[in-house]
Amino acid sequence: MTSIDADRLMEAAKLSTPALRERTQRDGLCSKDRDRADEWFPPQPPETSSGARAHYEHTARALCTPCPVRAECLEFALRQEAGQRAWGIWGGLAPWQREPLVKARRPHDTAHDLASTTIRALSQAA
């Protein structure tokens, strides 16, 4: 699926949600290039269109791989999506790629548990 540094995920899981939001908005590539916002938040392809979904996932990886706050962005998205499914590319993943990561988390997990669950789910999906 995607490769994100485990140490970065561990550090991101320790941050508060407001701190994650602030770092993502301040340092994220998507926040610096607002002219390309449609690339980060494209319309979601239908579930039946595997080619369109593959293109969406490729775009997500291409846009987010060089981002300095990719781990923080993914952690922020997973927290926000605990109550509802979001749209767009976050942390290099499409919404349907993040969904199993959200489901694998438990509400009272420690930061270490959250990061470990995310790392495990990412490696199983690869």
Side-chain angles (χ1 to χ4, degrees):
M1 184 185 297
T2 187
S3 175
I4 298 179
D5 183 80
D7 291 335
R8 293 290 309 270
L9 283 171
M10 288 287 186
E11 290 304 312
K14 295 175 186 176
L15 296 172
S16 69
T17 301
L20 289 167
R21 178 186 305 112
E22 192 270 330
R23 282 190 188 185
T24 301
Q25 289 176 345
R26 184 189 65 217
D27 301 328
L29 293 179
C30 57
S31 65
K32 295 179 186 299
D33 191 359
R34 300 206 183 261
D35 293 337
R36 296 175 58 200
D38 288 346
E39 292 181 47
W40 274 277
F41 298 98
Q44 187 171 314
E47 290 182 28
T48 56
S49 179
S50 60
R53 281 183 161 224
H55 177 72
Y56 193 107
E57 293 167 12
H58 172 77
T59 300
R61 284 189 302 276
L63 290 170
C64 298
T65 295
C67 186
V69 291
R70 185 174 175 197
E72 291 87 344
C73 179
L74 178 59
E75 178 62 30
F76 180 68
L78 296 175
R79 290 183 193 180
Q80 296 301 107
E81 292 177 351
Q84 64 184 13
R85 186 177 187 188
W87 59 283
I89 296 168
W90 290 84
L93 300 179
W96 57 89
Q97 293 175 305
R98 294 188 305 270
E99 192 169 8
L101 303 179
V102 171
K103 288 180 179 178
R105 291 171 162 227
R106 294 183 308 268
H108 301 292
D109 280 348
T110 64
H112 182 269
D113 293 337
L114 291 174
S116 296
T117 299
T118 301
I119 293 164
R120 199 169 32 258
L122 285 171
S123 65
Q124 290 171 351

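What you see is a predicted model, and the numbers here were worked out from it, not measured in a lab.
For the residue pair Pro95 and Gly88, the shortest heavy atom distance occurs at CD-O, 3.5 Å. Summarising the geometry of Leu74 relative to Trp90, their closest heavy-atom pair is CD1-O, 4.1 Å, with the distance given to 0.1 Å. What you find for Ser116 and Met10 is that their closest heavy atoms are OG-CE, 3.6 Å. A pairwise comparison of heavy atoms in Leu101 and Thr118 identifies CD2-O, 4.1 Å as the closest pair. Shortest non-hydrogen contact noted between Ser31 and Thr24 is OG-O, 3.7 Å.
Between the Lys32 side chain and the Arg26 main chain, a donor and an acceptor come within less than 3.5 Å of each other. Side chain of Arg105 to backbone of Thr117: no donor-acceptor contact under 3.5 angstrom is found.
For Lys14, the side chain to side chain donor-acceptor pair (under 3.5 Å) test picks out Glu11, with sequence neighbours left out. Residues passing the side-chain contact (heavy atoms from CB on, under 4.5 Å) test with Ala62, sequence neighbours excluded: none. Partners of Ala52 according to the side-chain contact (heavy atoms from CB on, under 4.5 Å) rule, which considers only residues two or more places apart in sequence or in another chain, are Pro45, Ser49. Checked against side chain to side chain donor-acceptor pair (under 3.5 Å), Arg23 has no partners two or more places apart in sequence or in another chain. The side chain to side chain donor-acceptor pair (under 3.5 Å) search around Arg8 returns Glu72, not counting sequence neighbours. Remark: Glu57 engages no residue in a salt bridge (Lys or Arg N to Asp or Glu O under 4.0 Å) (not counting sequence neighbours).
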Working for side-chain contact (heavy atoms from CB on, under 4.5 Å), residues Leu15 and Glu75: CA-CA 9 Å; Leu15 296 172; Glu75 178 62 30; over 6 Å; no
Trace of the side-chain contact (heavy atoms from CB on, under 4.5 Å) decision for Arg98 with Leu78: CA-CA 7 Å; Arg98 294 188 305 270; Leu78 296 175; 4.1 Å; yes
Report the C-alpha distance between Thr17 and Gln80 in whole Å, list the side-chain angles of each, state the deciding distance to 0.1 Å, and finish with yes or no for side-chain contact (heavy atoms from CB on, under 4.5 Å). CA-CA 9 Å; Thr17 301; Gln80 296 301 107; 3.7 Å; yes
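Atom CD of residue Glu81 and atom CZ of residue Phe76 lie 10.0 Å apart, to the nearest 0.5 angstrom.
Between Cys67 and the choices Thr65, Val69, Leu63, the side chain to side chain contact (heavy atoms under 4.5 Å, CB included) rule is met once, by Val69.
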